[in-house]
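Worksheet: the structure to be examined is printed underneath.
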Protein chains: 2
Amino acid sequence: MPGKVKTRRKRLGREGLNRERVLSEALVLADREGPEAITMRGLADHLGVSPMALYNHVSSKKDLVQGLAEHLVNHVDFSCDDSHWQERIRSCFRRLRDACLAHPSAIRLMETVEVAPVSVFRPMEITLAALDKAGIGSADAVKGYCLLIGFTMGQVSYEIRGPFRSFDAGEALRRRRIAGAGFSHIERSVALDGWDFTSSFEFGLSVILAGLQEFALKK
Amino acid sequence: MPGKVKTRRKRLGREGLNRERVLSEALVLADREGPEAITMRGLADHLGVSPMALYNHVSSKKDLVQGLAEHLVNHVDFSCDDSHWQERIRSCFRRLRDACLAHPSAIRLMETVEVAPVSVFRPMEITLAALDKAGIGSADAVKGYCLLIGFTMGQVSYEIRGPFRSFDAGEALRRRRIAGAGFSHIERSVALDGWDFTSSFEFGLSVILAGLQEFALKK
DNA sequence: ACCTGAACACCGTTCAAGT
DNA sequence: ACCTGAACACCGTTCAAGT
């Protein structure tokens with residue numbers, strides 16, 4: 001190969017490294033090469049810098065990954081025109097889900113880290129305000145938020161690494177070990193199509209909002 | 001220290017190693033020392049065996065962790081006397097949650113692995129059967145299952161590593177950076193008590209079941 | 001069939017040194 | 001203040017060898 005020379009150094013623009021650059025390039029690298037590509041050495045190499053240079057901007061790999069989480073969630077646009085509380089919530093968690101699904105490798109990375117980012121406070125505030133409007137008191141509103149965030153992130157996590165990777169996963173499923181093992185309802189439902197992660201998410205959101213609605217009324 | 005001798009070898013009973021033993025001892029070790037203690041070398045040491053001995057019973061670390069996941073879920077008792085569909089579902093996911101919370105380190109480990117265990121088919125079958133009883137058709141029943149499993153595992157994951165580690169986490173929260181940052185609803189709700197993970201889970205389950213009920217009726 | 005020890009190609013991080 | 005190279009104490013896994 002003629003022009004194939006290893007030129008990894010001198011990738012940085014004129015203005016050197018900083019935390020922002022480290023984080024956004026980590027996201028680029030994760031998106032391109034997968035979560036396992038994010039090592040201190042690999043990221044340093046990608047940035048054309050020695051591994052130890054990173055430690056001037058992140059205090060550890062854990063800090064890097066937490067920073068990545070905040071970086072991602074901080075850039076989500078949660079603005080919404082519709083002021084109806086149900087639509088406000090729907091929009092909020094749709095946006096959150098979209099942002100996560102746009103960077104599955106980064107999400108995988110975050111799942112290895114101990115504490116969720118402070119960024120979760122933004123969707124939390126939005127949800128509490130919306131539920132307040134719906135007439136659901138503070139104590140229950142917090143539980144309502146936990147329901148919504150748990151569902152959304154649980155679904156995302158499932159979508160990213162669960163056994164149902166794509167729409168026609170039914171084939172793969174049937175081939176495994178469920179045949180004749182007493183899973184009749186599963187076998188029946190695996191045949192049908194019209195199922196995908198997004199419509200499943202929308203269904204879940206609607207069911208939750210209907211449940212919250214009813215809860216608000218009967219209070 | 002007088003009687004302090006390193007005796008790690010010869011821990012195995014008379015009947016050597018096997019997959020079951022490797023998996024159950026991995027669970028013991030994870031419970032006792034945390035997820036980061038589960039390395040091929042560390043587990044081998046715990047079993048009094050050379051690292052390479054493990055490869056006769058698991059094909060890789062990934063296989064070990066997936067085996068651990070199946071081992072855990074397979075031992076959950078999903079039996080339930082109550083035949084009402086709502087109670088059937090409630091019991092199923094309560095049991096699943098309890099099993100996960102009993103082994104947080106194992107759950108953390110599983111989150112690092114690519115594919116969820118086949119074991120998820122058991123709660124899935126139970127849920128589909130219950131929703132069938134409720135009059136919810138196959139296509140929607142699968143979505144209902146996704147809602148329930150996503151919520152349950154999302155909550156568990158959040159509980160294990162989220163920012164609200166214990167009940168009085170409000171203190172820790174207030175000390176961080178939310179003060180005066182426009183999070184008025186959060187600040188208000190952080191003051192109240194009577195919130196804990198279990199009651200939050202029960203609230204979520206009830207809201208979902210109410211939503212599914214309503215969905216079944218209006219169909 | 002099952003286990004061992006040495007080796008390989010990696011990790012994250014510390015430390016002493018450079019500018 | 002920011003970066004470097006060498007080194008340390010780890011990883012998972014391959015391989016050749018033992019019983």
Side-chain angles (χ1 to χ4, degrees), chain A residues 6-26 29-30 33-69 105-106 108-115, chain B residues 6-26 29-30 33-69 105-106 108-115:
Chain A
K6 280 222 173 182
T7 67
R8 293 218 122 160
R9 289 297 142 108
K10 278 288 144 62
R11 252 188 195 258
L12 357 132
R14 56 206 77 88
E15 81 291 4
L17 237 46
N18 54 53
R19 185 170 233 260
E20 184 64 17
R21 234 183 101 67
V22 169
L23 294 179
S24 59
E25 283 303 314
L29 185 58
E33 315 258 352
E36 72 286 348
I38 303 301
T39 66
M40 297 305 273
R41 297 167 120 104
L43 178 56
D45 197 42
H46 170 78
L47 285 161
V49 108
S50 125
M52 291 314 300
L54 300 178
Y55 286 86
N56 292 310
H57 307 100
V58 296
S59 64
S60 64
K61 183 173 183 186
K62 187 177 165 182
D63 182 42
L64 169 71
V65 175
Q66 283 173 340
L68 202 55
S105 299
R108 295 291 313 278
L109 238 21
M110 289 166 212
E111 290 177 339
T112 69
V113 119
E114 235 140 41
V115 161
Chain B
K6 281 223 171 181
T7 66
R8 294 217 122 160
R9 289 300 141 107
K10 276 292 145 57
R11 251 189 196 260
L12 358 131
R14 56 206 77 87
E15 82 289 5
L17 236 47
N18 54 55
R19 185 170 231 261
E20 183 65 17
R21 234 181 102 66
V22 168
L23 294 179
S24 58
E25 283 304 313
L29 185 59
E33 317 256 352
E36 73 286 348
I38 303 300
T39 65
M40 298 305 273
R41 298 168 120 105
L43 177 56
D45 197 43
H46 170 78
L47 285 160
V49 107
S50 126
M52 289 316 299
L54 299 177
Y55 285 86
N56 292 311
H57 307 100
V58 296
S59 64
S60 64
K61 183 173 181 186
K62 187 177 165 183
D63 181 44
L64 169 71
V65 175
Q66 283 174 338
L68 202 54
S105 299
R108 295 291 313 279
L109 239 19
M110 288 166 213
E111 290 178 338
T112 69
V113 118
E114 235 141 43
V115 161

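Convention: sequence-line order gives letters A, B, ...; per-chain numbering from 1. From a predicted model like this one, the values you see are computed outputs, not experimental measurements.
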Interatomic distance, CZ@B:Arg41 vs CE@B:Met52, rounded to 0.5 Å, equals 10.0 Å
What is the separation between atom CG on B:Leu54 and atom C1' on C:dT4, rounded to the nearest whole Å? 12 Å
Considering the options A:Val113, A:Leu23, A:Leu54, which one meets the side chain to side chain contact (heavy atoms under 4.5 Å, CB included) requirement together with A:Leu64? A:Leu23
Is A:Ser50 close enough to D:dG5 that one of its side-chain N or O atoms is under 4.0 Å from OP1 or OP2 there? no
Taking the side chain of B:Leu17 as heavy atoms from C-beta outward, which of C:dC3, D:dT13, C:dT13 is closest to it? C:dC3
Output for pair (B:Asn56 CG, B:Leu17 CG), nearest 0.5 Å, gives 8.0 Å
Look at B:His57 and C:dC3 and indicate whether a side-chain polar atom (N or O) is within less than 4.0 Å of OP1 or OP2. yes
Among C:dC11, C:dG5, D:dT4, which nucleotide sits nearest the side chain of A:Thr39? C:dC11
Give, for atom NE2 of B:His46 and atom CD1 of B:Ile38, the distance between the pair rounded to the nearest 0.5 Å. 8.0 Å
Atom pair distance, as rounded to whole Å: CG in B:Leu43 and P in D:dC10: 17 Å
Starting at NZ of A:Lys61 and ending at P of C:dT14, how long is that distance when rounded to a whole Å? 15 Å
First of A:Arg41 and A:Ala53 reached from the 5' end of DNA chain D, by closest nucleotide: A:Ala53
Tell me: CE of A:Met52 to C1' of D:dA7, nearest whole Å? 12 Å
If pairing requires Watson-Crick or G-U wobble contacts with both distances under 3.5 Å, which nucleotide is the partner of C:dG12? D:dC8
A:Glu33 CD to A:Leu43 CG distance, which is reported to the nearest 0.5 Å: 11.5 Å
Applying the Watson-Crick and G-U wobble criteria at under 3.5 Å, what pairs with C:dT19? Answer none if nothing qualifies. D:dA1
Once you round it to whole Å, what is the distance between C1' of D:dC10 and CG of B:Asp45? 14 Å
Distance, rounded to the nearest Å, where A:Asn56 contributes CG and C:dG18 contributes C1': 13 Å
When rounded to whole Å, the CE to C1' distance for the pair A:Met40 and D:dG5 reads 16 Å
Just the rounded figure in Å: distance from P of C:dC11 to CG of A:Leu64. 14 Å
